[in-house]
There are 2 protein chains.
Amino acid sequence: MSEGVEWGLHCCVTLAWLGDEEPVPAARLAERFQLPPAYLNKCLQALGRAGILTSTPGARGGFRLARAPERITLLDLVTAIEGPEEAFRCTEIRQRCAEANPASREFLRPCAIAAAMHKAELAWRKELAAQTLADLSAAAPRSARDAALRWFGRGEND
Amino acid sequence: MSEGVEWGLHCCVTLAWLGDEEPVPAARLAERFQLPPAYLNKCLQALGRAGILTSTPGARGGFRLARAPERITLLDLVTAIEGPEEAFRCTEIRQRCAEANPASREFLRPCAIAAAMHKAELAWRKELAAQTLADLSAAAPRSARDAALRWFGRGEND
DNA sequence: GCGATGATACTCGGATATATAATGTCCGAGTATAAGAGG
DNA sequence: CCTCTTATACTCGGACATTATATATCCGAGTATCATCGC
């Protein structure tokens with residue numbers, strides 16, 4: 001799995017803490033976590049295309065959450081970075097057998113192996129879909145949230 | 001996920017059908033599924049190192065299941081090919097924050113994000129561990145099993 | 001005819017290339033800001 | 001003092017390198033088979 005998933009998760013949790021009053025530049029998030037700024041920007045762009053973040057260009061621009069943290073699941077985030085296709089992709093090698101006839105009726109049913117892997121993937125996605133950004137924000141220790149608010153210069157004046 | 005997982009699964013199901021009376025060369029399995037012989041051999045080697053297959057060198061050699069299909073889970077197979085580490089690997093970027101002190105007590109608890117991803121991975125592994133090669137063998141249509149037996153020259157004399 | 005011996009073909013096993021995807025970097029398009037001139 | 005204009009700094013967005021991983025290939029080590037030779 002790409003590192004972008006971890007980066008995106010941490011950034012989104014941070015954005016959830018900061019609130020969406022004003023956007024946060026990718027460069028600033030990168031500085032926070034000591035990450036390469038340009039590549040983090042690329043990952044956040046993917047989240048933007050997926051409708052998880054909204055981006056505003058120009059000065060005082062940046063990224064903010066597109067909707068409430070309660071309505072953003074981990075599955076949304078992972079799918080945005082990793083793509084919608086499943087980890088196990090069946091290439092139908094059962095049909096490559098010499099005597100196999102692709103028109104045969106047995107191939108109308110899905111491959112038993114692919115079905116088994118698909119079942120496991122569904123369980124995985126179900127767990128991811130059951131947890132939201134709000135859950136993660138709440139699970140983290142308060143000290144981490146406070147430190148983030150301080151570092152980004154919020155929370156003192158608010 | 002590597003293609004080797006799909007190949008290994010199909011090969012192991014086939015081996016389960018054929019029984020472990022005499023080993024099957026990797027080249028023959030590759031021919032069956034139109035796969036590159038040398039690379040399939042490499043994948044089967046990984047299964048051998050994991051204790052799923054036993055290999056016998058020399059003439060009339062090849063691979064056979066190391067234990068009964070009921071005692072080989074999909075998780076065993078996937079782990080053998082993909083490795084034991086989880087898909088999501090936490091790099092502890094929460095500790096890279098400037099003000100973070102690695103000795104701080106909050107870092108004794110696991111990262112909430114890593115914990116969430118870990119939970120999903122456990123659900124995935126649980127599903128994989130619940131299904132055995134025997135289940136897959138039984139789930140496939142009888143015609144596929146019969147065709148395999150014919151193609152490998154077994155079942156007529158037995 | 002039977003056993004020992006050597007040559008041979010076959011198979012795994014790991015070391016070595018190539019292709020693909022992940023990671024990392026760079027520069028242009030566009031916007032809000034701020035300064036400055038004019039009224 | 002207020003408004004319009006202009007220059008500027010900032011940020012995203014996608015195009016372009018670089019590195020790591022997966023895929024594919026090749027050749028050597030070792031074993032069972034078979035033929036051959038000797039008894």
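Labels below follow one simple rule: chain letters A, B, ... track the order of the sequence lines, proteins then strands, and each chain is numbered from 1. These values consider heavy atoms only, across backbone and side chains, with no hydrogens, waters or symmetry-generated copies. Please read these numbers as outputs of a predicted model, since none were measured by experiment.
In this structure, Glu6(A) atom CD and dA22(C) atom C1' are separated by 15 Å, rounded to whole Å. To the nearest angstrom, C1' of dC12(D) lies 13 Å from CG of Leu29(A). Between the CG atom of Leu40(B) and the C1' atom of dT11(C) there is a distance of 13 Å, given to the nearest Å. Residue Glu22(B) contributes atom CD, which lies 11 Å from atom P of dT33(D) at whole-angstrom precision. The CZ atom of Arg64(B) sits 14 Å away from the C1' atom of dC12(C) (whole-angstrom rounding). Whole-Å rounding puts the Leu44(B) CG to dT25(D) C1' distance at 16 Å.
With respect to Arg125(B) and Glu127(B), no salt bridge is recorded, no charged nitrogen being found less than 4.0 Å from a carboxylate O.
Between Phe63(A) and Ala59(B), the one whose closest nucleotide on DNA chain D sits nearer the 5' end is Phe63(A). Heavy-atom nearest nucleotides on DNA chain C were determined for Asn41(A) and for Pro57(A), and the one closer to the 5' end corresponds to Asn41(A).
In this structure, a donor-acceptor pair under 3.5 Å is absent between the side chains of Gln45(B) and Ser55(B). There is no side-chain donor-acceptor pair under 3.5 Å between Asp146(B) and Ser143(B). Side-chain N/O atoms of Thr73(A) and Gln131(A) include no donor and acceptor closer than 3.5 Å.
Contacts of Ala27(A) with the nucleic acid, taken as non-hydrogen atoms under 4.0 Å apart, are absent. Heavy atoms of Gly61(A) sit under 4.0 angstrom from primed sugar atoms or phosphate atoms, though from no base atom. Here Arg49(B) lies in heavy-atom contact (under 4.0 Å) with sugar-phosphate atoms only.
You'll find the ring centres of Phe152(B) and Trp17(B) outside the 6.0 Å limit. The six-membered or imidazole ring of Phe33(A) lies near that of His10(A), with a centre-to-centre distance under 6.0 Å.
When the side-chain nitrogen and oxygen atoms of Ser55(A) are compared with OP1 and OP2 of dT11(D), none of them lie within a distance under 4.0 Å.
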Protein-nucleotides 21-24 of chain D N/O pairs under 3.5 Å:
{"residue": "dT23(D)", "atom": "OP1", "partner": "Glu3(B)", "partner atom": "N", "Å": "3.2"}
{"residue": "dT23(D)", "atom": "OP2", "partner": "Ser2(B)", "partner atom": "OG", "Å": "3.4"}
{"residue": "dT23(D)", "atom": "OP2", "partner": "Tyr39(B)", "partner atom": "OH", "Å": "3.2"}

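Closest non-hydrogen pair, Leu40(B) versus Ala26(B), comes out as CD2-O, 3.7 Å.
Side-chain atoms of Arg60(A) lie closest to dT33(C) of the nucleotides dT33(D), dT33(C), dT11(C). Comparing dC12(D), dG14(C), dT33(D) against the side chain of Gln45(B) picks out dG14(C) as the nearest.
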